Amino acid sequence: MINEKPRVRFAPSPTGYLHVGGLRTALYNFLYAKHYGGKFILRIEDTDRNRYVEGAVENLIDSLKWCGLDFDEGPGKDGEYAPYMQSERLNIYLKYAEELISKGKAYYAFDTPDRLAKLKEEQTARKEQSKYDKLALTLSQEEIKNKLDAGEPFVIRLNVTPGQRVIVDDVIRGRVEFNTDIVDDQILIKSDGYPTYHMANVVDDHLMKITHVIRGEEWLSSTPKHVLLYEFLGWEIPVFAHLPLLLNPDKSKLSKRQGDVAVEDYRAKGYLKEALVNFVALLGWNAGDDKEFYNFEELINNFSLERVNKSGAVFNVEKLDWLNGEHIRSKTALEILPLFKEELDNSIYKDHNFSDEHLLKIIDAMKERIIFIRELIEKSPYFFEAPNLYEEKAVQKRWKPETPDELKKLLSEFEKIDSSSKEDFENALHKSAEELGIGNGKLIHPVRLAVSGSSTGPGIFDLLHILGKEEVILRIKTALEKINN
RNA sequence: GGCGCGUUCGUCUAGUGGCUUAGGACGCCGCCCUCUCAAGGCGGAGAUCACGGGUUCGAAUCCCGUACGCGCUACCA
């Protein structure tokens, strides 16, 4: 197996959306597989019928794909080991559960939920750990057969021998030891015929030839059950890697209560998939150097399980924001264009028609001033419509009594230029300033205000160039009327 | 309660016994650049490496204990 290509899986239960913690787990699986030229498999752990959520699988796959995590095998891409929905594999689990029974490693149990509840109550009252008392093991073969024949509801439980050590070897945490005294006789097959996670994941991982089980830390405690299962079934144990948790700012497990946890939330907020993936990759892993900006390919090339941290990481949105800006800046205007158009279609300007040429200029002028694509609109609405308000503070600071006259001079020079090139605007402005005997700034600030209503933005000549001669003249004239102190 | 995992600036982290007066990044503050705002450059504040014992000539790094946090302890995953 050492020389085989890894086969890893992301095995979420379809609870409705892709959690960012799930994204990180999926990502590490994906990166590991791709780094070694292996396969990334998506398997849906839908063995809890009470938790069925309509459309959850589609949503999950949608989010995964948006992030660029294409799976090699999974629902809708059925490969050699299909089906990849556990609810469609029920008979398989039952078969292996029966094999375990025949080996004495599992057994039928017919306890009522009532008895179990009472048992647990008594145990906790005595401050013992709650654990099944193996009562069903006292049943004779005949009694079992009769109950089965009578159609009594049953469950199949793992038969754990107490007093033994189980070793879990984990790539990230090293060797972890458990005593079987604390391992419960886990239910393998529920009374509705569905397997529990423990049974299903072991059977499927084996059948699907999974080489590395990379999953969240919350599974570490139940791994001894899985190890036992592999041993009882005589199967090779995969490599385990239990990932640290993602945390809220108060260090509790990342939850919905304290902010957004779904990938789709971040998508809706306008984060780039590149930034989300980059950020999430760094939450618990680093290459050992100072590099923090990664594209997808670099992540694949550099990722290793050995360099995954042990401790949980707070999901710190501020750094995500910074990375989003970094990724925007690293893109060409042409790459940003479709994203920009998408935002425009969702904005109040959706009915306007702007040429690609115009939009590309806006991107070039604005991309290092924004963190979200939508700020291309929010931070510079003046590229889409004339201002109807003029920033009051800026007016007070920059609009002096002599400003209107000076702007009129500038206007006359602007009217003379025959192109909307930056150079023409620049020459005209310099000339005006010179003839007026004032500094450029005395014109630049008022004209910015007149033309954009704002005191901030791209370089003034870029701004004028993008707006164009006609529009600039028009806007200066309206400003002259409107800003009359 | 039991079992397990964890603990380096506010946050993400580097560090695997001497190179460390603990490095980088985000955020914050200041300066430079400059027509503004950003971006960029430079600099600053910010960590007695959870605490206490050991081991060692020497420990953030190894060992033990304690505290705290988190996870698991379901016919949920």
Side-chain angles (χ1 to χ4, degrees), chain A residues 11-15 45-48 50-51 109 111 113 116-117 120 123-124 126-131 153-157 168 170 172-174 176-179 181-184 186-198 200-201 215-224 242 244-245 247 249-253 279 282-293 309-323 325-326 329 366-371 379-380 394 397-398 429 439-445 447-449 452 454-461 463:
Chain A
S13 63
T15 50
E45 310 248 335
D46 56 344
T47 56
D48 185 355
N50 301 320
R51 283 228 221 164
D111 309 83
L116 262 16
K120 184 175 180 176
Q123 288 169 333
T124 42
R126 273 183 262 128
K127 290 194 173 177
E128 290 170 14
Q129 71 144 326
S130 59
K131 201 177 155 187
F154 69 89
V155 110
I156 298 176
R157 309 189 82 118
V168 173
D170 189 282
I172 296 165
R173 289 157 211 283
V176 185
E177 278 194 26
F178 295 87
N179 190 304
D181 285 351
I182 54 105
V183 180
D184 197 7
Q186 184 61 235
I187 289 179
L188 267 17
I189 303 290
K190 299 180 263 187
S191 58
D192 62 5
Y194 279 64
T196 56
Y197 170 86
H198 307 95
N201 106 83
R215 77 226 305 189
E217 193 191 356
E218 68 267 30
W219 294 109
L220 186 57
S221 299
S222 40
T223 306
H242 287 94
L245 262 29
L247 274 22
D250 70 354
K251 302 247 177 192
S252 59
K253 186 177 171 183
F279 176 64
L282 255 20
L283 250 28
W285 169 85
N286 77 86
D289 52 26
D290 288 340
K291 187 171 167 63
E292 301 213 79
F293 182 92
N309 288 162
K310 293 173 169 66
S311 49
V314 173
F315 193 91
N316 177 213
V317 185
E318 282 171 343
K319 195 154 188 173
L320 209 208
D321 286 351
W322 167 73
L323 270 176
E326 289 288 296
R329 271 168 249 134
M366 290 298 294
K367 78 171 187 182
E368 51 191 39
R369 283 162 240 269
I370 58 168
I371 282 193
K379 285 199 160 181
S380 49
K397 188 175 176 192
R398 307 290 193 187
L429 188 135
N440 294 330
K442 287 280 282 174
L443 287 175
I444 286 174
H445 295 292
V447 80
R448 171 188 297 286
L449 198 51
S452 74
S454 167
S455 65
T456 67
I460 190 65
F461 303 113
L463 176 56

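We name chains A, B, ... by the order of the sequence lines, and we start the count at 1 in each one. The structure displayed is predicted, hence computed values, not measured ones.
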Touch class at under 4.0 angstrom, heavy-atom based, for A/Ser454 against every strand present
nothing
Paired to B/rC37 by Watson-Crick or G-U wobble criteria (both distances under 3.5 Å) is none
Could you tell me how the ring of A/Trp219 sits relative to the ring of A/Tyr197: parallel (under 30°), tilted (30 to 60°) or perpendicular (over 60°)?
parallel
Counter-base of B/rU56, judged by Watson-Crick or G-U geometry with both distances under 3.5 Å:
none
Under 4.0 Å, heavy atoms only, any strand: does A/Glu177 hit a base, just the sugar-phosphate, or nothing?
sugar-phosphate
Can a donor-acceptor pair be found between the side chains of A/Asn309 and A/Ser311 at a distance below 3.5 Å?
no
If I pick the C1' atom on B/rG69 and the same atom on B/rA50, what distance separates them, to the nearest angstrom?
11 Å
For atom P, what is the distance between B/rA45 and B/rG40, given to the nearest Å?
22 Å
Reading RNA chain B from 5' onward, which residue's closest nucleotide shows up sooner: A/Asp290 or A/Asp192?
A/Asp290
Which part of the nucleic acid, if any, lies within reach of A/Pro224 when heavy atoms closer than 4.0 Å are counted: base, sugar-phosphate only, or nothing?
nothing
Of the listed nucleotides (B/rA14, B/rG71, B/rC12), which one gets closest to any side-chain atom of A/Asn286?
B/rA14
Do you know the tightest heavy-atom contact between A/Pro224 and A/Val183?
CB-CG2, 4.3 Å
Whole-Å C1' distance, B/rC28 and B/rG71:
34 Å
Under a 3.5 Å limit for both distances, which nucleotide forms a Watson-Crick or G-U wobble pair with B/rU21, could you say?
none
Check every atom of B/rG6, B/rU11, B/rC72 against the side chain of A/Lys251 and return the nucleotide holding the closest atom.
B/rU11
From B/rC70, B/rC75, B/rC3, nucleotide with atom closest to A/Ile182 side chain:
B/rC3
Taking atom types as modelled and ignoring hydrogens, do the side chains of A/His242 and A/Arg173 form a donor-acceptor contact shorter than 3.5 angstrom?
no
Identify, between A/Ile172 and A/Trp285, the residue whose nearest nucleotide on RNA chain B lies closer to the 5' end.
A/Ile172
C1' spacing across the pair B/rU13 / B/rG30, given as an integer number of angstrom:
25 Å
Just checking A/Leu116: base, sugar-phosphate only, or nothing, at a heavy-atom cut-off of under 4.0 Å?
base
Scan A/Asn309 against the nucleic acid and name what it touches under 4.0 Å (heavy atoms): base, sugar-phosphate only, or nothing.
sugar-phosphate
Searching all strands shown, indicate the nucleotide that pairs with B/rU48 (Watson-Crick or G-U wobble; both distances under 3.5 Å).
none
Have a look at A/Ser311 and say if it touches a base, only the backbone sugar-phosphate, or nothing, with a 4.0 Å heavy-atom cut-off.
sugar-phosphate
Can you tell me the Watson-Crick or wobble partner of B/rU7, both distances under 3.5 angstrom?
B/rA67
Would you mind checking if A/Glu217 and A/Lys310 are paired as a salt bridge, meaning a charged N to carboxylate O distance below 4.0 Å?
no
Give one of base, sugar-phosphate or nothing for A/Ile187, where a contact means two heavy atoms less than 4.0 Å apart.
base
Please give the distance between the P atoms of B/rC19 and B/rC49 as a whole number of Å.
15 Å
Can you say whether a donor on the side chain of A/Lys253 sits under 3.5 Å from an acceptor on the base of B/rC70, or the other way round?
no
Base, sugar-phosphate, or nothing for A/Lys131, non-hydrogen atoms under 4.0 angstrom?
nothing
With heavy atoms under 4.0 Å as the rule, sort A/Asp46 into base, sugar-phosphate or nothing.
nothing
Of the candidate nucleotides B/rU73, B/rC12, B/rC76, which contains the atom at the shortest distance from the side chain of A/Ser130?
B/rU73
Counting any heavy atom closer than 4.0 Å, what does A/Phe315 reach on the DNA or RNA strands: base, sugar-phosphate only, or nothing?
nothing
Base, sugar-phosphate, or nothing: which does A/Gln129 touch, judged by heavy atoms less than 4.0 Å apart?
base
Testing the basics here: between A/Ala313 and A/Leu283, what is the closest heavy-atom pair and its distance to 0.1 Å?
CB-CG, 4.0 Å
With a 4.5 Å heavy-atom cut-off, do A/Glu292 and A/Asn286 have their side chains touching?
no
Can you tell me how far C1' in B/rG2 sits from the matching atom in B/rG17, rounded to whole Å?
36 Å
Please pick, from B/rG6, B/rC75, B/rG2, the nucleotide with the shortest atom-to-atom distance to any side-chain atom of A/Lys310.
B/rG6
Given atom CG of A/Leu323 and atom P of B/rU13, what is their separation to the nearest angstrom?
13 Å
Heavy-atom closest contact (A/Leu245 atom, A/Glu218 atom, distance)
CD1-OE1, 3.5 Å
Any strand: nucleotide that pairs with B/rA74 via Watson-Crick or wobble, under 3.5 Å
none
Regarding A/Ser221, tell me which of base, sugar-phosphate or nothing describes its non-hydrogen contacts under 4.0 Å with the strands shown.
base
Would you tell me if any nitrogen or oxygen in the side chain of A/Lys190 comes within less than 4.0 Å of OP1 or OP2 on B/rC76?
yes
Heavy atoms under 4.0 Å is the rule here; annotate nucleotides 34-45 of chain B 5' to 3' with B where the base is hit, S where only the sugar-phosphate is, and - elsewhere.
-BBBBSS-----
Looking at every strand, decide which applies to A/Val176 at a 4.0 Å heavy-atom threshold: base, sugar-phosphate, or nothing.
sugar-phosphate
Of all the choices, B/rA77, B/rA25, B/rU13, which nucleotide is nearest to the side chain of A/Thr196 once you look at every atom?
B/rA77
Just do the side chain to side chain contact (heavy atoms under 4.5 Å, CB included) check on A/His198 and A/Ser222 with the steps written out, would you?
CA-CA 8 Å; A/His198 307 95; A/Ser222 40; 3.6 Å; yes
Heavy-atom count check: over 12 atoms from other residues, nucleotides or ligands less than 6.0 Å from A/Lys397 NZ?
no
